[in-house]
Structure formats: C-alpha cells, structure tokens
Number of protein chains: 2
Amino acid sequence: MKYRKSNANNTCDYEGTLLKINQINAFIAIAEGNGVAGAAQKLYVSQPAITKSISNLESELGVALFDRSKHRLKLNKYGEILLRRAKAAKAELKGALEEITLMKDRSQQSIKFNGSPALIPRLIPKAINLFKLNHPDVHVELAGLLDDNPANKIQALIKGEYDLLITVIDEKVVFRNLCHFSIINKIGVTHDSIFRLQQSIS
Amino acid sequence: MKYRKSNANNTCDYEGTLLKINQINAFIAIAEGNGVAGAAQKLYVSQPAITKSISNLESELGVALFDRSKHRLKLNKYGEILLRRAKAAKAELKGALEEITLMKDRSQQSIKFNGSPALIPRLIPKAINLFKLNHPDVHVELAGLLDDNPANKIQALIKGEYDLLITVIDEKVVFRNLCHFSIINKIGVTHDSIFRLQQSIS
DNA sequence: ATGCTTTACGGTTCCCGTAATAATT
DNA sequence: AATTATTACGGGAACCGTAAAGCAT
C-alpha cells in the first residue's frame with residue numbers, strides 16, 4: 001500500500017508535515033531576536049542547528065525567508081508573511097499548553113480538611129457535595145484524627161497537614177480566618193473555589 | 001556548553017519543542033475524523049504511526065486526550081481544549097503556507113510585451129520603472145520582433161505570445177482595450193497591477 | 001469472525017552538536 | 001581580532017511501516 005502522497009509536479013496540495021515546530025521556533029527566534037546567534041541562545045541549541053532548521057524550512061517552502069546581504073539576516077517579504085502567522089500559531093499552541101497545564105494542576109490538587117467532631121457531620125457533607133459538583137477533579141479528603149484537641153489541630157494546620165480546618169477557639173467558630181490563611185499560604189486552589197466552600201459552610 | 005534546559009522537577013517553564021506538527025495533525029485527524037483508522041487514512045500513514053504520535057503527545061503533555069472506554073477514542077476535557085487551539089494554530093499555519101505560495105506564484109510570473117517601434121521608446125521605460133517599483137518580482141520582458149507589422153503582432157497577442165501589446169490600429173492607439181483583454185484572458189496578474197501600468201502609459 | 005487499537009521490532013530519516021570554513025566589521 | 005553565518009560529518013533520537021497481539025462488536 002502506498003502511503004506517501006507523491007505528486008509528480010511540485011504543487012503539493014498542502015502537505016501537512018510542512019512547517020515543523022522546531023523550524024517555526026527557529027524562524028521566530030531569528031526574526032525577533034538577533035539573528036542566528038541570538039536564536040540559538042534563546043532556544044538552547046547550537047548555531048548550526050538554527051541554520052539547518054531555517055535552511056530546511058526555506059527549502060521546503062521553496063522561497064527564502066531572509067535577505068542575506070552582508071552576513072546579516074533580515075526578513076524579506078515572505079518572512080514578513082510567515083512571521084505574523086507563525087507567531088499567531090505559536091501563541092495558540094502556547095495557550096493550549098497553558099490551559100491544559102492549568103486544568104491538570106487543578107485536577108491533581110487535593111484538599112485535606114479536619115474539624116471538630118461536633119461540627120463535621122452537620123456542615124461538611126453538604127459542603128463537599130456542592131464543592132465537588134463544581135470541581136469534580138479536586139480530591140477532597142478528611143485527614144488526621146477527628147478527636148484530637150483543637151490546639152493540636154491548629155498546629156497541624158499550620159504545619160500543612162491540613163488545608164482546611166473547622167474548629168473552635170474560645171468557644172467561637174473561626175474557620176473563616178483559617179480558610180483565608182489556607183488560601184494565601186498553603187494551597188494553590190483559586191479563591192473562587194474556596195469561596196464556594198466557605199459559602200456552603202456558612 | 002550545556003544546551004538542554006534540564007529541569008529536575010517536571011514543571012518545565014514552556015518547553016518549545018512540545019506539540020510537534022505530526023502529533024497535532026494526528027490529534028486533529030482523530031478528533032475530527034473517525035478514530036485512529038480514519039486519521040491514518042486521512043494523513044496517509046499507517047495506524048501504528050498515528051497511535052504512536054498521539055501516545056507521545058499525551059505522554060509529553062502528561063495527560064490523556066481521549067477516553068478509551070470500549071475501544072473507541074472519544075475526546076475528554078483536555079482533548080476539547082487542545083482541539084480548539086490546535087485547529088486555530090493549524091489554520092494559521094495553513095494560511096501562512098497559502099499566502100506564501102500565492103505570493104511566490106505571483107512573483108514567478110512574467111509579463112511579455114511588444115509594441116510599435118515608434119511608441120516603445122517614449123512610453124515604455126517610465127512605465128516599466130514604475131511598475132517594477134511596486135512589483136519588483138514580476139519579470140517584465142520585451143518579446144518578439146519590434147518591426148513586425150501591427151496585424152501580425154495582434155495575432156501573436158491573441159495566440160498568447162505577448163501579454164501586452166501597444167500598437168496602432170487605424171492610426172489610433174487602442175492599447176486600453178487590448179490591455180483589458182490581457183487581464184481577463186491571458187495572465188493572472190491582479191487588475192491593480194495592470195491598472196498602474198495603464199496609468200503610467202496614458 | 002471482523003474491525004479497531006495497541007505493542008514489538010527493524011530500518012530509515014531527521015535533528016543536533018562539534019569542528020572547521022567563509023565572510024564581514 | 002572578533003563576531004556572524006554556513007558547511008562537513010558523526011552519533012543519537014524520532015518517526016514510520018510490517019507484523020503480531022488484545023479486545024470489543
């Protein structure tokens with residue numbers, strides 16, 4: 001079976017393997033930065049690698065992308081065209097990467113909590129259900145001993161064993177402040193997430 | 001000298017070599033078409049090649065892009081994210097390719113012209129200079145014999161030996177109509193280009 | 001049994017880095 | 001002399017195709 005779409009003439013009707021990612025990176029780096037040397041430095045590769053990449057790119061495109069007068073690369077009109085599009089494409093890919101990474105990180109997070117035995121059964125189940133409804137991938141777990149004394153639990157929270165603690169100090173519920181502490185210093189969950197949890201607890 | 005940006009932990013601060021073009025193509029083809037088999041057919045590669053490509057992609061991304069229940073690949077939430085962006089990026093690259101190809105084709109065009117010996121020296125030089133200023137890549141050349149009789153030249157123009165003919169019929173310059181003929185039927189140069197030429201001749 | 005996906009394996013190609021060359025300031 | 005871009009060349013990684021195995025319908 002023939003896999004390669006071999007065209008007799010050179011007018012390939014859009015060969016999908018063109019414009020490889022390293023070529024695009026090299027091209028943008030040269031165009032934006034300071035020539036081959038700067039591009040090599042920016043991309044952490046050697047200068048010949050850059051030269052080869054854009055050489056291949058130009059060869060596959062069938063046009064030169066740079067003016068090579070005086071040992072200095074300067075974009076020509078083809079390069080100008082490509083630069084616009086390539087930057088847009090790269091931004092798109094970078095955005096995809098960031099979005100996925102963000103979602104992945106959020107999914108891998110877990111929230112450990114603890115609280116007074118008297119408060120847990122009444123407040124937590126509804127809160128967890130509501131929270132998981134909006135954040136199905138955040139792992140919520142009860143950590144540590146329920147019947148420890150409040151002082152120890154606060155110490156454990158400060159040490160990072162929990163992310164969230166619902167307990168009593170001086171006979172008054174202060175989870176609000178503790179939650180805030182957790183948000184800022186302990187876990188990277190968005191404020192929005194915790195806010196929902198707070199609301200459902202209140 | 002160290003070229004590779006090796007990070008001990010896995011939190012690469014945007015590794016530019018991710019999302020290779022074949023991986024993106026395979027991914028889009030699977031997502032849009034009918035699974036691995038359809039993608040392989042669409043991209044003219046074997047099925048294992050597709051599997052490997054998206055396997056690598058998922059591995060490098062650190063997340064699965066598809067649900068693999070029941071031997072059928074279905075986009076998951078990560079895949080949804082990537083699909084949007086990847087399609088946009090690919091469209092951008094495809095656009096770049098088309099723009100460049102178009103400009104390249106145009107640049108490779110040439111305009112052959114002829115005209116009466118009496119008219120050529122006075123009208124042409126300025127016209128050519130002005131034209132080449134705006135279209136430096138269009139090859140302009142004088143073709144055929146200058147001192148042939150006008151009737152023969154008109155026949156040659158109709159046969160396509162020239163793209164542009166400036167001559168006299170019934171003692172009156174009619175280049176305007178002939179130019180129009182050329183624009184529509186003979187050469188693919190934009191109206192704009194020819195219009196400038198006409199103007200400079202007038 | 002048929003169809004689709006995945007693994008195993010061998011070969012080819014592509015890419016990169018070192019070293020050397022050419023040309024410009 | 002110093003900087004910049006390009007070639008030559010050898011090693012290693014990536015990609016692909018054939019063949020075979022898993023799993024579902």
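All values derive from a computational prediction rather than experimental measurement.
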Does A/Asn25 reach the main-chain N or O of A/Leu43 with its side chain, forming a donor-acceptor pair under 3.5 Å?
no

Between atom CG in A/Leu57 and atom P in C/dC16, what is the gap in whole Å?
13 Å

Return no unless some side-chain N or O of B/Ser53 is found under 4.0 Å from OP1 or OP2 of D/dC16.
yes

Counting only side-chain N and O atoms of B/Asn22, is one of them less than 4.0 Å from OP1 or OP2 of D/dA14?
no

Side chain of B/Ala49 only, please: which of C/dG17, C/dC14, D/dC16 is the nearest?
D/dC16

Just by modelled atom types, is the A/Leu97 backbone N or O under 3.5 Å from a matching donor or acceptor in the A/Thr101 side chain?
yes

In 5'-to-3' order, the base (B), backbone-only (S) or no-contact (-) status of each nucleotide in nucleotides 1-10 of chain D, using a 4.0 angstrom heavy-atom cut-off, is ---BBBB---

May I have the distance from A/Ile24 (atom CD1) to C/dC15 (atom C1'), rounded to whole angstrom?
16 Å

Output yes when at least one side-chain N/O atom of B/Asn56 is less than 4.0 Å from OP1 or OP2 of D/dA14, else no.
no

Got a sec, which residues hit side chain to side chain contact (heavy atoms under 4.5 Å, CB included) with B/Glu99, two or more places apart in sequence or on another chain?
A/Ile81, A/Arg85

I'd like to check the side chain to side chain contact (heavy atoms under 4.5 Å, CB included) partners of B/Ala88; sequence neighbours left out, ordered by chain and number.
A/Glu92

With each end axis built from five pairs of C1' atoms, what bend angle do you get for the helix from C/dA1-D/dT25 to C/dT25-D/dA1? Round to 10°.
30°

Only pairs at least two apart or in different chains count here, so list each salt bridge (Lys or Arg N to Asp or Glu O under 4.0 Å) that has a residue in residues 23-38 of chain A.
A/Glu32-A/Lys87

For the backbone of A/Met103 and the side chain of B/Lys77, can you confirm whether one donor and one acceptor N or O come within less than 3.5 Å of each other?
no

With sequence neighbours left out, the residues meeting side-chain hydrogen bond (donor to acceptor under 3.5 Å, both in side chains) with B/Lys20 are B/Glu60

Would you mind listing every salt bridge (Lys or Arg N to Asp or Glu O under 4.0 Å) that reaches into residues 61-71 of chain A, with sequence neighbours excluded?
A/Glu58-A/Arg68

